[in-house]
Enquirer: 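My questions all concern the structure below.
Because only heavy atoms are used, hydrogens play no part in the values below, and waters and symmetry mates are left out as well, while side chains stay in. Residues take their numbers from the sequence shown, with the count starting at 1. Being a predicted model, the structure only gives us computed values, none of them experimental.
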Amino acid sequence: MSNSFAPAHRPEQSGLAPSDPVRHPSGAPTPVLAKRAFLLILMTLLVPGSAQIVAGKRRLGRAALRVTFTVWALALLAVLLLLVSRPTLINLLTGTVPSLLLVLGLAVLAIGWAALFLNTLRLIRPGLLAPRIRPAVVLALVLAMILSSGSLGYAAYLLNVSRDAIGSIFSGSGPTLEPSDGRYNFLMMGGDAGADRTGRRPDSLSVISVDAKTGSTAIISVPRNLQNAQFSAESPMRQVYPDGYNCGDECLINAINTEVTNNHQDLYPGVADPGAQATLEAVSGTLGIKVQAYVLVDMDGFSKLIDAMGGIRIKAGGWVPISGPMVDEANGIHGMPDGWIPAGDQTLDGFHALWYGRSREFVDDYARIQRQQCVQQAMLKQLDPATLLAKFEDIAKAGTKVVESNISSGQLGSFVDLAMKAKGQDVSRLTIGPPDFDAAFSTAPDFDVIHARVAKLLAGPSASAPGGSAGEDTLQQAGTAAGPVSSAPLSAAGPVSSTPVSSAPLSSGAAPATQPSPSSDFTPVTTTPDGEPITEEMLNQFKRNGDEQSIRDLVATNGQCAPL
């Protein structure tokens, strides 16, 4: 039988119609070719592989689309994890093996996406375009490639930098930390490790206590010159000092690190930093809480971290000296200052931020503690996502030189999640000394009083509310000389007395202090009582004349500080 009545083959049914300008651009009008070029670029940017499907490279397009849909599904899963279990997602992103696979995956995706754009350029067939259109099309394709493939490549690079930083700072394994009385307590130590020292002497000791559920945060500062520090019940150092670190005036709490490093490492087999661990145990026993982990910041590298952030902004209450060399070590007298940090609004680079937090000339240690708290708060406040992303590499590299911790990287996700909850909340603070205790506070104090004050601070707002709470009754019965615990933000560093610290113990009959709670609403002292502007030359002239009391009077408020 003849096939003369069989239907004729229609090219448009097979998708090969010459009239289709997307797949067959030859002969299409110039405006259509231009629209086609930009459309294919946009399709490759938004749905990688779709341009190849519609323009003739279907096999390549199908493979690319499968990858695209798989990535979209994984991204959706990540969003769901972010909503229901943020710590799990963070642990996946920071874990050694998952983060390595993610780095490799992002790198491969970046290369594959770039290859698709190059293939899209071939499909566009620039030779068919009008000469004046070609540069615009090529520019659009390059910009789209940078936006997509370039972003993935940069993300892979940043993730790899963070992997190196996490591996350098945090231990790869370790016991899982559990909350103590519903809180995580971290000891922050700022120390020096010079060529003339064995180990690192922590001159700054602060406990950051975070509610495990809400992220509510309190900071408790411990003076470096506190004596008779009590070791926690489980500390091996209790074998050596069962009644506390009480070997005389030289036994300050900040000397424990060196003492253990030099003489008692055998008590801490398998511990990476016995001195830091022993200091943690001493702070635990002294405050009457369980401190689970420590973070040690080396002050020599601290300035690099501040510089990496672009500096910090503060409101300084008084002038702070950059101390010159020591000329009378017995009496703690320095030579001419190398410079001064003025009162008022300041942007401090790393060098000046380091000196602002560590200078104690002309004032007492408690003024320095207030400034250290302010610097910490300024860093937390100003290390926002924009700053972190813009300067991530410098910050991460500086962090590896600055920070050491015994926190396991496996639990990092939980603590990052906790930090995100804490961000934006007011921070309660307590200093074990003035201004939260009166000016006669002892360097060898009544530890029951300290325990009661710390317990009251961490019990929450209800425990510290005025009107005869149980915590208040306990403190009155203990006879503390301390004023009310402030729940003001950490930045609210109040006036600090320059009265020398007394060595007399707190008596049970001591009267409550009348110092006001710290407040950020203060006026920087920039003039003398007579209204004359305070200048660096004026302060230096007093120093040349040996009139240090006049300097003390003019800089007495330099413990006041607030982050901007």
Side-chain angles (χ1 to χ4, degrees), residues 12 14-26 28-84 89 92-93 98-99 101-130 132-160 385-386 389-390 392:
E12 61 271 18
S14 63
L16 301 175
S19 60
D20 182 358
V22 175
R23 299 194 64 190
H24 301 282
S26 299
T30 297
V32 173
L33 291 175
K35 292 179 181 178
R36 172 183 179 274
F38 289 114
L39 176 64
L40 292 178
I41 293 172
L42 185 63
M43 292 176 71
T44 303
L45 176 64
L46 299 180
V47 188
S50 59
Q52 283 67 31
I53 289 289
V54 302
K57 288 286 184 179
R58 291 189 172 182
R59 184 175 180 180
L60 175 61
R62 283 193 293 268
L65 281 178
R66 281 194 290 268
V67 173
T68 298
F69 293 147
T70 300
V71 170
W72 285 0
L74 291 175
L76 180 60
L77 178 61
V79 171
L80 292 175
L81 276 177
L82 180 65
L83 296 175
V84 301
L89 177 62
L92 285 173
L93 295 178
S99 61
L101 293 177
L102 185 56
V103 168
L104 295 176
L106 289 174
V108 170
L109 288 175
I111 294 171
W113 210 343
L116 281 179
F117 272 109
L118 294 178
N119 181 260
T120 298
L121 181 62
R122 192 178 70 82
L123 293 175
I124 289 173
R125 299 173 64 178
L128 298 178
L129 299 173
R132 61 185 178 82
I133 296 296
R134 292 171 193 166
V137 169
V138 173
L139 178 61
L141 186 138
V142 170
L143 291 176
M145 187 184 298
I146 293 174
L147 180 64
S148 55
S149 181
S151 297
L152 284 182
Y154 188 59
Y157 171 73
L158 291 183
L159 184 57
N160 193 52
L389 288 175
F392 181 83

Enquirer: Spell out, as yes or no, whether a donor-acceptor pair under 3.5 Å connects the side chain of Arg36 to the backbone of Ile124.
Expert: yes
Enquirer: Minimum heavy-atom separation for Val103 and Asn160, please, with both atom names.
Expert: CG2-N, 3.9 Å
Enquirer: CG/Leu116 to OG1/Thr68 distance, rounded to the nearest 0.5 angstrom?
Expert: 7.5 Å
Enquirer: Please tabulate, for the side chains in residues 136-149, all donor-acceptor contacts under 3.5 angstrom to protein atoms that are two or more places apart in sequence or on a different chain.
Expert:
from: Ser148; atom 1: OG; to: Ala144; atom 2: O; distance (Å): 2.7
from: Ser148; atom 1: OG; to: Met145; atom 2: O; distance (Å): 3.4
from: Ser149; atom 1: OG; to: Ala110; atom 2: O; distance (Å): 2.4

Enquirer: Can you tell me how far CG of Leu40 sits from CG of Leu121, rounded to the nearest 0.5 angstrom?
Expert: 10.5 Å
Enquirer: Leu33 and Ala28: which non-hydrogen atoms are nearest, and at how many Å?
Expert: CD1-O, 3.6 Å
Enquirer: Tell me, do Tyr157 and Leu106 make a side-chain contact under 4.5 Å, heavy atoms counted?
Expert: no
Enquirer: Write out all pairs satisfying side-chain hydrogen bond (donor to acceptor under 3.5 Å, both in side chains) with one or both partners inside residues 101-124, taking only residues at least two apart or from two chains.
Expert: Thr44-Thr120, Gln52-Asn119, Gln52-Thr120
Enquirer: Which heavy atom in Gly61 sits nearest to a heavy atom in Ile53, and how many Å separate them?
Expert: C-CD1, 3.7 Å
Enquirer: CG/Leu109 to OG/Ser151 distance, rounded to the nearest 0.5 angstrom?
Expert: 13.0 Å
Enquirer: Please report the shortest heavy-atom distance between Ala156 and Ala107, naming the atom on each side.
Expert: CB-N, 4.1 Å
Enquirer: Calculate, to the nearest 0.5 Å, the distance between atoms CG and CG belonging to Leu123 and Leu118 respectively.
Expert: 11.0 Å
Enquirer: Do you know which two heavy atoms are closest between Ala78 and Leu89, and how far apart they sit?
Expert: O-CD2, 3.6 Å
Enquirer: To the nearest 0.5 Å, how far apart are CD1 in Ile133 and CG in Leu128?
Expert: 13.5 Å
Enquirer: Looking only at heavy atoms, what is the nearest atom pair of Ser99 and Leu159, with distance?
Expert: O-CD2, 3.9 Å
